[in-house]
Amino acid sequence: MNIGQASKHSGISAKMIRYYEEIGLLEAAQRSASGYRIYSETDLKTLNFLKHARELGFSSEQMKELISLWKNTDRHSAEVKALTIKHITELNQKIAHLQEMVSILQASADDCCGDQQASCAILDHIEKGVGVS
């Protein structure tokens, strides 16, 4: 199948497929006589794997490691689990940071009159870095 078909089947844009090839997440596609990329069912499975890993928030570097483990039938599940636990820890840190941002913004919004006046507590807080660590 060509890149457009692979994109449609995988839900990954053609641009992103080319990028995944460029950074080594996806093996370089075979080429037709006219130079067009041709993707196999194996490539499509890899694209679907990458899509699902991306949906779970794994970075490109983490996905390289996951792909390597996925393709290695001699892998140890402990390696996959360790990578996943590390990712969970990072996600929890991001969640805590986002919750802190929401609290800061909520406090700023609560301080803002939201009326016809030019003064705005939200803009003042952003300018001064109020609540930002």
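Taking the side chain as every heavy atom from C-beta outward, Tyr20 and Ile12 approach each other to under 4.5 Å. Contact check for Glu100 versus Ile104: side-chain heavy atoms found under the 4.5 Å cut-off. Counting heavy atoms from C-beta outward, Leu44 and Met1 have side chains that approach closer than 4.5 Å. Contact of the Ile17 side chain with the Tyr39 side chain is registered, since non-hydrogen atoms from C-beta on lie closer than 4.5 Å. Between Arg37 and Glu21 there is a side-chain heavy-atom pair separated by less than 4.5 Å.
In this structure, the side chain to side chain donor-acceptor pair (under 3.5 Å) partners of Ser108, at least two apart in sequence or on a different chain, are His125. Looking at residues two or more places apart in sequence or on another chain, you find a ring pair (Phe, Tyr, Trp, His ring centres under 6.0 Å) between Phe49 and Trp70. Under the side-chain contact (heavy atoms from CB on, under 4.5 Å) criterion, Ile95 pairs with Asn92, Gln99, sequence neighbours left out. In this structure Ser40 satisfies the side chain to side chain donor-acceptor pair (under 3.5 Å) test together with Asp43, sequence neighbours excluded. Considering only residues two or more places apart in sequence or on other chains, Ser59 meets the side-chain contact (heavy atoms from CB on, under 4.5 Å) condition with Glu61, Gln62. Residues that satisfy the side chain to side chain donor-acceptor pair (under 3.5 Å) test with Thr42, not counting sequence neighbours, are absent from this structure. Taking Lys71 as the reference, Glu27 meet the salt bridge (Lys or Arg N to Asp or Glu O under 4.0 Å) condition, with sequence neighbours excluded. Residues satisfying the side chain to side chain donor-acceptor pair (under 3.5 Å) criterion with Thr73, sequence neighbours excluded, are absent altogether. Looking at residues two or more places apart in sequence or on another chain, you find a side-chain contact (heavy atoms from CB on, under 4.5 Å) between Ala14 and Ile3, Arg18.
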Side-chain donor-acceptor pairs of residues 51-58 under 3.5 Å, sequence neighbours excluded:
unit_1, atom_1, unit_2, atom_2, d
His52, ND1, Asn48, O, 3.1
Arg54, NH1, Phe58, O, 3.1
Arg54, NH2, Ser60, OG, 3.1

Under 3.5 Å, which donor-acceptor pairs do the side chains of residues 115-123 form with other protein atoms, sequence neighbours left out?
unit_1, atom_1, unit_2, atom_2, d
Asp115, OD1, Gln117, N, 2.9

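Under the 4.5 Å side-chain heavy-atom criterion for grouping Ile, Leu, Val, Met, Phe, Trp and Tyr, Ile23 is connected to Leu26 within one hydrophobic cluster. Hydrophobic clustering of Ile, Leu, Val, Met, Phe, Trp and Tyr side chains at less than 4.5 Å, counting indirect connections, keeps Ile38 apart from Met16.
Hydrophobic side-chain contacts under 4.5 Å tie Met101 into a cluster, directly or through other members, with Leu98.
Taking every heavy atom of both residues into account, Leu50 and Met63 meet most closely at O-SD, 3.6 Å.
When the shell of 6.0 Å around NZ of Lys64 is examined, it contains more than 12 heavy atoms from other residues, nucleotides or ligands. Within a 6.0 Å sphere centred on CD of Glu90, other residues, nucleotides and ligands contribute more than 12 heavy atoms.
Between the NE2 atom of His87 and the CD atom of Glu65 there is a distance of 12.5 Å, given to the nearest 0.5 Å. Residue His97 holds its NE2 atom at 11.0 Å from CD of Gln93, rounded to the nearest 0.5 Å.
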